[in-house]
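Following this message is one structure expressed as C-alpha cells.
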Amino acid sequence: MSSTIRITLPDGSVREVPSGTTSRQIAESIGAGLARAALAARVDGAVRDLGRPLEADASLAILTERDPDALEVLRHSSAHILATAVRELFPGAGIGFGPPIEDGFYYDFDVPRPFTPEDLELIESRMTEVARADYPFVREVVDRSQANHRFADDPLKLERIAELGDAETITVYTDGPFTDLCRGPHIPRTGRLKHFKLLHAAGAYWRGDEKRQMLQRIYGTAWFKKEDLDAYLHRLEEARKRDHRVLGRQLDLFSTSDVLGPGLVLWHPRGAVIRWLLSRAVEDDNVASGYDLVYTPNVTREELFYISGHLPLYASNQYPAMGAGAGEAEDVRYMVKPMNCPMHALIYQSRQRSYRDLPIRLSEVANVYRNEKSGTLHGLLRVRGLCMDDAHIFCTMDQIEDEIFLCLDQVDRLVRATFGFELDFEVSTRPEERLGSDEVWDQAEATLRRALERKGIAFRNDVGGGAFYGPKIDIKFRDAIGRIWQGPTIQLDFNLPERFELEYTGTDNRPHRPVMIHRAIYGTLERFTGNLIEHFAGAFPVWLAPEQVRVIPISDAQAEAARGLAQRLKAAGLRVRVDDSSETLNYRIREGEVQKVPYMAIVGQREADSGSLALRVRGTGKKQEAMSVDAFLGRITEEVRTRALAP
RNA sequence: GCCAGUGUAGCUCAGUGGUAGAGCGCUCGCCUUGUAAGCGAGGGGUCACGGGUUCGAGCCCCGUCACUGGCUCCA
C-alpha cells in the first residue's frame, strides 16, 4: 500500500516519497516560502491541484504566480468565485460553463432577467467577500448517480453529465457554499484571488448554438498583481483610443449614414487616399507577380450563382434578386455579386485552354455586397459593401505548390514587410463533409504544407477546419498592441472547376480539370484599412498618410513663402496643405499633431529669407531641425519610395 | 438573426414630468504669433422615428430603425 514513488523536480533532483504524498506536502518539504507561493502543480506536464495525491513516479513542478499556467488556473477559479457570488445573490440562477479565456474568464448563467451594471457591481463586491472568506477549493470524485443527484436542480449541468463517457472520472469542486461540476484544477483557496474586475454582461447561446436558449454571460478579468490588472485595464483604454471608428471620424477618413444603410461605408477624401494607395500597392504587386488584371460586372443573372452552387445555399448572404430591365423576360433575374470567383471562372471558360496556358492568374480589386446579419456589423471590420483584393489561380495539381509559394511571397511583402505585422499561419484540413477523394485531399494538404515548409514558415493545423471544397491556409496577423486579426486566406477549390466544367487540354491531348486557388492578400480594403488605423493609431507612415506635410507660416508675412514651399513639395508628388489660418502657431501645431500629420514644415522669417524650413516630426515634441528644402525632399521622397514605417 | 444597453447641437456629453444646456468644433471681430488649445461675440437641436399615457413628455409605456457590447456567422 504505502509503496515508495520517485518524484523528479525541475532541477533534476529526485525525491523518494510514500505513494499518496500530495504536491503540497512536497512543496512544504522544499520550503515554507514555496509552499506559501504554491498555486498548483504540474505533474508529468498536466496541471493538477496541489492537494492531489501522487501515486506513481512522476516529474513535478510547483506552480507559482510566475507560471503562465497558474494564471489560467486563477482565472478558472475566478469563474467559480463569480458563480459562487451569483448563486448567493440570485439563488435560482442556473449555471452553464465558466472557463478561463485570454486575459480573464466568464461564466454563463440561466437567470430570469439579464444582469444590469448595478448587478455587476453587487456581484463584484460579493466576489470580494467570497475571496476574503478564503474558502478552500475541495475536489471530490463522484459517480454518475451522485453527480446527477447533486445537480438535480441544474438542467444544464445534467446535460453535461449525460455527455461524459463512462470512462471519465466525474469530479466536483466546492468553494464555501458553491459546488460545481468541474474537471479542475483550482487554486488552493479563494483568498488567492485578489486583483480582478467584472467587465461586462452579454447574452450568449447555450453551447454556442443559436437554436438553443440564451444565457447571460458575465465577463471578468483576473491577475496576480495589482500592476498587471491596472496594466490590462490601461491596455483596454489604449485599445479604445485606437478604435478605428473613433479615429475614422477624428481624422475625417470615412463615415456611415443611417440614410445610406448599415454596413455601407462612405470613404472621405482622406480615407480614400489610403484605400487607393493600398489597392494600387496590391495591383502593382499582382502585375509584377504575373497576375492578369480583369474587370467583371457588379450584377449578374442569378443563374450564375446556381451554377456556382452559391444558390440556394448562401441565399441568406446575398441581396435578393432584382428584375431585368423593361422589355426583357420577367423570369430573368439579376443579383448583386457577393464574390468574384464565378465570373473569373467564366473568363477561364470563355475559350479552350491548354496546359501550356496554365497557370492562369486573374486578379481584380472589386466591390462585392453581402447581406451580413445586422448584429455582426462593426465599423470597417465587418461591412456589407466591401472591396476585395481578389484573385483566382487556375492551375494543375502539380503547379499548386509553386502557386501557393507565390501567394506566400506576396503576403510576406505586402503584409509583413510593409507594415511590420507578425504573421501566424494555420492549415485547415479536410472536414467531415467534403467533396473529392481522399487521395486528392492527401495530395492537396501535403502540398500546402510543403509550400509553407519550403518558405521556412512554421504553422499550426486546424484539423477539420477546411471548407467542403478544399483545404486552405489562414493567415492571422498581430498588430502593434498585440491583438490578432484574420488576414490573408489562400483557399484551394476542387468544386468550382467541377461545377463550371472547367478543362484544359493536357500533354496527352485529353481534357483535364484544373484546380482553382482563391486568394486575397489584404482580404478586404475596408477591414484592412480598419486594422491599419488601429495598428498605427491613426499615425500612418508617410507613404500612406492622407496629408504628408503641413506647411505652417509663423505669421502672415511668411504666407507667400509657405505657399511657394507647398508648391515645390506638391510638384514632387507629395500631399501637402498650408495652414495659414489666423490661429496662433501653438494652436496650428497642435492641430497638426492631433491630425497625425507626419511632418510639419514651419516657415518663419529666418526660413523665408534662407529658403529653408524648420521641420517638426510627428510625435517628437519640441525637437526640430532646420533644413534645406532639398534635404527635406530627399528625405521624404525616399521614405515614400521605400514605404518606410517611420515616422 | 438572437440577448441586453444606448440614441439630446457637427463631436463628446449634462439634463428624474413644467419654457432645451456645457465644452470643443463652426461663423464673425480683435490679436500677427518661433513649436500641443490667445480673447470676445454669434449661429446651431421636430431631444432617432412612429404611436400611447398625461393638463403637460427629452424624461413614463409600446413599436420601428440605427448604433454599442456579446452570441452565432465571417473577409
Side-chain angles (χ1 to χ4, degrees), chain A residues 106 108 111 113-117 119 199-219 240 243 245-246 249-250 252 255-263 314 316-317 338-339 368 370-390 467 474-475 485-489 491 518-528 530-531 552-559 580-595 600-607 614-626:
Chain A
Y106 69 77
D108 289 340
V111 282
R113 65 162 178 86
F115 296 108
T116 64
D119 292 338
L199 298 173
H200 51 257
Y205 298 109
W206 170 232
R207 315 302 295 262
D209 183 345
E210 65 179 321
K211 290 183 188 63
R212 306 205 55 178
Q213 80 213 79
M214 182 156 280
L215 306 178
Q216 296 303 319
R217 176 172 297 178
I218 295 176
Y219 284 91
R240 256 193 292 279
D243 190 319
R245 294 164 300 182
V246 175
R249 188 185 303 113
Q250 281 169 2
D252 198 18
S255 67
T256 56
S257 157
D258 281 5
V259 179
L260 187 68
Y314 293 109
S316 64
N317 261 353
M339 56 243 321
V368 298
R370 299 179 182 179
N371 197 1
E372 302 291 348
K373 292 183 192 174
S374 60
T376 63
L377 302 175
H378 180 90
L380 291 180
L381 302 183
R382 182 86 166 155
V383 292
R384 286 182 172 156
L386 46 113
C387 185
M388 306 180 73
D389 68 312
D390 209 1
D474 269 324
I475 301 164
W485 306 97
Q486 175 59 52
T489 307
Q491 167 82 60
H518 308 248
R519 63 98 274 211
I521 306 295
Y522 292 145
T524 73
L525 297 180
E526 283 77 12
R527 178 177 287 183
F528 197 73
N531 293 148
I552 302 180
I554 286 179
S555 77
D556 286 350
Q558 299 90 35
D580 57 357
S581 62
S582 68
E583 298 292 349
T584 58
L585 179 65
N586 277 342
Y587 183 92
R588 286 176 290 155
I589 284 176
R590 179 170 192 279
E591 277 297 287
E593 288 287 352
V594 169
Q595 291 294 308
M600 280 182 260
I602 317 289
V603 181
Q605 203 51 49
R606 282 199 301 275
E607 289 78 15
L615 186 66
R616 184 182 167 110
V617 181
R618 175 181 62 202
T620 54
K622 289 193 170 185
K623 259 188 293 172
Q624 52 155 329
E625 334 167 26

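Chain naming here is simple, since letters A, B, ... match the order of the sequence lines and numbering starts at 1 in each. All values derive from a computational prediction rather than experimental measurement.
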### Query
Does A/R212 put a side-chain nitrogen or oxygen below 4.0 Å from OP1 or OP2 of B/U72?
no

When rounded to whole Å, the CG to P distance for the pair A/D243 and B/U68 reads 9 Å

Counting only N and O atoms by type, is there a donor-acceptor contact under 3.5 Å from the side chain of A/R588 to the main-chain atoms of A/E583? yes

Exercise. So, does the side chain of A/E607 form a donor-acceptor pair with the base of B/G34 at under 3.5 Å?
Worked result: yes

Checking N1-N3 plus N6-O4 or O6-N4 for Watson-Crick, or N1-O2 and O6-N3 for wobble, each under 3.5 Å, the partner of B/A36 is none

In whole angstroms, the gap separating P of B/G70 from CG of A/L381 amounts to 12 Å

Does A/S374 make a side-chain N or O approach to OP1 or OP2 of B/G1 shorter than 4.0 Å? yes

note: A/M214, atom CE; B/G69, atom C1'; distance rounded to Å ~ 12 Å

- Query: Which part of the nucleic acid, if any, lies within contact of A/R606, taking any heavy atom under 4.0 Å across all strands shown: a base, the sugar-phosphate backbone alone, or nothing?
  - Reply: base

Rounded to whole Å, the CD1-P distance (A/I589 to B/G38) equals 12 Å

Within the 4.0 Å heavy-atom criterion, would you say A/L215 contacts the bases, only the backbone, or no part of the nucleic acid? nothing

Would you say the base of B/G70 and the side-chain of A/Y106 have a donor-acceptor pair closer than 3.5 Å? no

In Watson-Crick or G-U wobble terms, with both distances under 3.5 Å, the base opposite B/U6 is B/A66

### Query
Is the shortest side-chain N/O distance from A/Y587 to OP1 or OP2 of B/U32 below 4.0 Å?
no

Side-chain contact check for A/P114: nearest option of B/C2, B/G70, B/C3 is B/C3

In whole angstroms, the gap separating P of B/A36 from CD of A/E593 amounts to 8 Å

The answer to which of A/F115 and A/Q605 contacts RNA chain B further toward the 5' end, by nearest nucleotide, is A/F115

To the nearest angstrom, the NZ-P distance between A/K373 and B/C74 comes to 9 Å

Review point. So, is A/R616 close to the B/A36 phosphate, meaning a side-chain N or O under 4.0 Å from OP1 or OP2?
Key: yes

For B/A22, the nucleotide meeting Watson-Crick or G-U wobble distances (both under 3.5 Å) is B/U12

Scanning both residues in full, the closest heavy-atom pair of A/G263 with A/L377 reads N-CD1, 3.9 Å

Re B/G45: Watson-Crick or G-U wobble partner, both distances kept under 3.5 Å, found to be none

Quick note, A/T376 side chain, CB onward, closest among B/C67, B/U35, B/C71 is B/C71

The residue, A/R370 or A/Q216, whose nearest nucleotide of RNA chain B is more 5′ is A/Q216

Rounded to whole Å, the CH2-P distance (A/W206 to B/G70) equals 22 Å

From CG of A/D108 across to P of B/G69 the rounded distance in Å is 19 Å

query = B/G69 phosphate, OP1 or OP2: any side-chain N/O from A/R245 under 4.0 angstrom?
reply = yes

Donor-acceptor pair present, A/R382 side chain and B/C74 base, under 3.5 Å
yes

Does B/C74 have OP1 or OP2 sitting under 4.0 Å from an N or O in the side chain of A/H378? no

Winner on side-chain proximity to A/I554, out of B/A75, B/U72, B/G34, is B/G34

- Indicate yes or no: does A/D209 engage A/R207 in a salt bridge with an N to O separation below 4.0 Å. no

Note to self: On the side chain of A/N586, is there an atom forming a donor-acceptor pair with the base of B/U35 - under 3.5 Å, no angle test?
What the structure shows: no

*asked:* For B/G38 and A/T584 - does any side-chain N or O of the residue sit under 4.0 Å from the phosphate oxygens OP1/OP2?
replied: yes

- Task: Classify the angle between the aromatic ring planes of A/H200 and A/Y219 as parallel (below 30°), tilted (30 to 60°) or perpendicular (above 60°).
- Result: tilted

